[in-house]
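Below, chain A is the first sequence line, B the second, and so on; all start at residue 1.
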Amino acid sequence: MSTVLRLDRITKRFGGVTANDDVTLKLKEGEILALLGENGAGKTTLMNILFGHYAADEGTVKVFGKTLPPGRPRAAIKAGVGMVHQHFTLAGNLSVLDNVMLGSEPLLRAKSRCEEGRARLLALSEQFGLTVDPDARVLGLSIGERQRVEILKALYRDARILILDEPTAVLARPEAHRLFDTLRSMTRQGLSIIFISHKLNEVMAASDRITILREGRIMAERTPTETSSDELAELMVGCRVTRPKREAHAIGPPRLVAEDVTVHLDGKPMLKGVSFTVHAGEILGIVGVSGNGQVALGALLSGVAAPETGRLTLEGREIGGQGPRAFIAEGVGRIPEDRHAEGVVGELSVWENGVLEHLATPEFSTHGFVRRGVARCHAADLIKRFDVRGATPEMRIRLLSGGNIQKLILGRVLAAAPKVIIANQPTRGLDEGAIAAVHGELLSAREAGAATILISEDLEEAVGLSDRLQAIVGGRLSQPVAAERADSRRLGLMMAGVWEELGDAA
Amino acid sequence: MIESLDLLFSASLWAAVLRIATPLIFGVLGALLCERSGVLNLGIEGVMTMGAMSGWLSVFLGSDLWTGLLIAAAAGALIGLLHALLTVPLGLSQHVSGLGITLFASALAYYLYRLIVTVGESPPTIDPFRPLDIPILSDLPFLGPVLFVQTAPTYLALIAVAVIAYVLARTPLGLAIRMTGENPHTVESQGLDPALIRIGCVMAGSALMALGGAFLTTAAFNSFFPEMVQGRGWICIALVVFSSWRPGKALLGALLFAFFDAYQLRLQTVVEGVPYQLFLMAPYILSIVALILVARRAQVPAALMTPYRRGER
């Protein structure tokens, strides 16, 4: 097999930080190469250099034997490189066809050849099994469909080498499987693929070769047959990371109880008569494929949405629908699903974000003035206690990585010693090191007697952390089962909504 | 009452509507082009003033009327370039830059005018565009005196609407412009330069705005005087929103506003006992009402007013 792509001794520095240090990489024809590394290991930077978004400080990029001029995406596209960015670069208000055709024609052509474009798009989508409606507005598409549009965009420009940046970060598991099937069929048709990931299992399952990047340097290269997840984890993180284990311990009285609660969002019933009880010192896992009512559950448990019918009580007192402020005052701590949109305000500093939920308490404000000194100390404490790397109280929180933002949010919640913790997809998009840290903190809060509701799509996480599990399907909750009894068959049935066969559990 | 309704059927009212609408059509098209690429151009009022002055001045100094328009457009494009440089490569606040440009360009226009022209008792005049009397067509009943006795720049404005609408909707360049206003990173990742596209659109848009200004001094009137743009630029900014960023609807909006304006002028003469200031206000109030009714559903270009910085996501 011939080499189609060669990165030769690439070095890239941002200010004082070296993002890529003397990286050399080869891609062979028809191969799927996985670029494995933690967040911040320099994977995306490397691919952005390859695609011409950045110019490397040193080193060259050769595609099909020809050196690419640095910093020119157009040249990369022409040479046959296509890139699917992690944060999709699509215009939501425009149609799929518009998004695909952009840049493919000479700008000064008197009329777009839309009909030819449509035919070509449909042919490609047929050839690679990527179904899309050319006239649909991108805004109305699901995440999976948008990713297909991104891939088609690259194929439309005759990409022979496809780069995918964290392609499964936004996908549910079945969609991810389908994606890898598609990629495999593409390599059979002669394409070569690089995908970036920090997920060990998918790297093991879907790639021909794995290159591990740590702190900007290539650490090792393996094939899936000659390595194991454990070895990869070690190479990636630099030391052995094991997720903390849940220890059995006594469970306290009921804390947060929902009885037959129905919640409407935008006038539609999204939660239908759900009941659950979470006790002090217990983690209750809510598992399910996303889009089954998790959003409504999150809204209910943070006080944003009020129960239409039924009761939500905290230590026996009705609390449902009293607004986020009352929830926080009652000691409900929340780790929201979308940390960037709901968890923090990106343009504000770390210390401001650190006191955001408790600004009105006497601890952080007097007579309407923020006690800045106290708030700054609080932020410094959080940074230290929860190992928020790279942070200072004064910096804008936007500049932190996702994992470190999550650690700060977690710290903000736990520092208030909450009675109840709502953890909604707490480790989505985080790397192994950060996941272990988040799990450790949730478990020690459990030790300390907090009642936790863990809403997660990640079964391994849910089973590992939870004392009991309930499945959410179509806005309904299954009966709880003890984690010890939750084997994969039982969980599969629960998540498919087949509850009756299981009999009573817990 | 009957009299005020009768007015609606007079050809002179509708001819005035087209005449009053012409500078607005140029202005709203220009603002729309800038905004479709993602740049708000509040320099419009100053650009129109500059266009009015430079167009008039070049004719006053001896060039013909069409050259005057060309020079006005060039002056507009030049000021547009300044706004583009401040807002695109430097990424400054588009509001602040735009307002600054309005103050700067208006003042510069008066300054240059006073520097070159000696103003006596009354401002000097030029020989402006005359209404075309298109044979046969202008003899059509009603339509003739409305549509076919306008001055040449009015037809130019109508042609410009069609051209901009076509370019935006049907050409690869138009797609690139629309995409730049929606998500410049998309444009970059497809190998085009969003900064160049924005600069180009702001320059072309400003040239159009300047033509709107030049219409005032070379067709509607025959002299230049301070404050003659009279907030037309601001109206255009509102009309862009009214139009939901579509050229066809922008034309409609300009005509609607011009209709209110022409009608109130005539109403003043037939309705008695009402202070004329109320009539003067009417077009603006009606515009606000129209804006409330229409603009809530308007589809704003997603990246409007978002500076584009390479490599930042």
Check whether B/Val187 gets within reach of chain A through its side chain, its backbone, both or neither, counting any heavy atom under 4.5 Å.
both

Taking the side chain as everything from C-beta on, heavy atoms only, tell me whether A/Glu166 gets closer than 4.5 Å to A/His198.
yes

Does any non-hydrogen side-chain atom of B/Leu252 lie less than 4.5 Å from one of B/Ser243?
no

Using the salt bridge (charged side-chain N to carboxylate O under 4.0 Å, His left out) rule, pick out the option among A/Arg118, A/Lys111, A/Arg113 that qualifies with A/Glu115.
A/Arg118

Output the option from B/Asn183, B/Thr171, B/Thr186, B/Leu173 having the highest count of non-hydrogen pairs under 4.5 Å with chain A.
B/Thr186

Under 4.5 Å to a heavy atom of chain B? For A/Leu94 that would be side chain

Sub-3.5 Å donor-acceptor pair from the side chain of B/Glu45 to the main-chain atoms of B/Gly233, do we have one?
yes

Measuring heavy-atom distances to chain B, does A/Arg157 have an atom under 4.5 Å in its side chain, in its backbone, in both, or in neither?
side chain

With a 4.5 angstrom heavy-atom cut-off, could you sort out which part of A/Val100 is near chain B: side chain, backbone, both or neither?
backbone

Any heavy-atom pair between the side chains of B/Ile44 and B/Thr102 that's under 4.5 Å?
no

B/Arg36 side chain to B/Trp245 main-chain N or O, any donor-acceptor pair under 3.5 Å?
yes

What I want to check is whether the side chains of A/Asn20 and A/Thr45 have a donor and an acceptor closer together than 3.5 Å.
no

Sort by residue number and list every member of residues 151-166 of chain B having a non-hydrogen atom under 4.5 Å from chain A.
B/Tyr166

Return the option, out of A/Arg72, A/Lys153, A/Lys78, with the maximum number of heavy-atom pairs under 4.5 Å with chain B.
A/Lys153

Under 3.5 Å, is there a donor on one side chain and an acceptor on the other for A/Thr18 and A/Glu215?
no

Is B/Arg170 atom CZ crowded by more than 12 heavy atoms from other residues, nucleotides or ligands, each under 6.0 Å away?
no

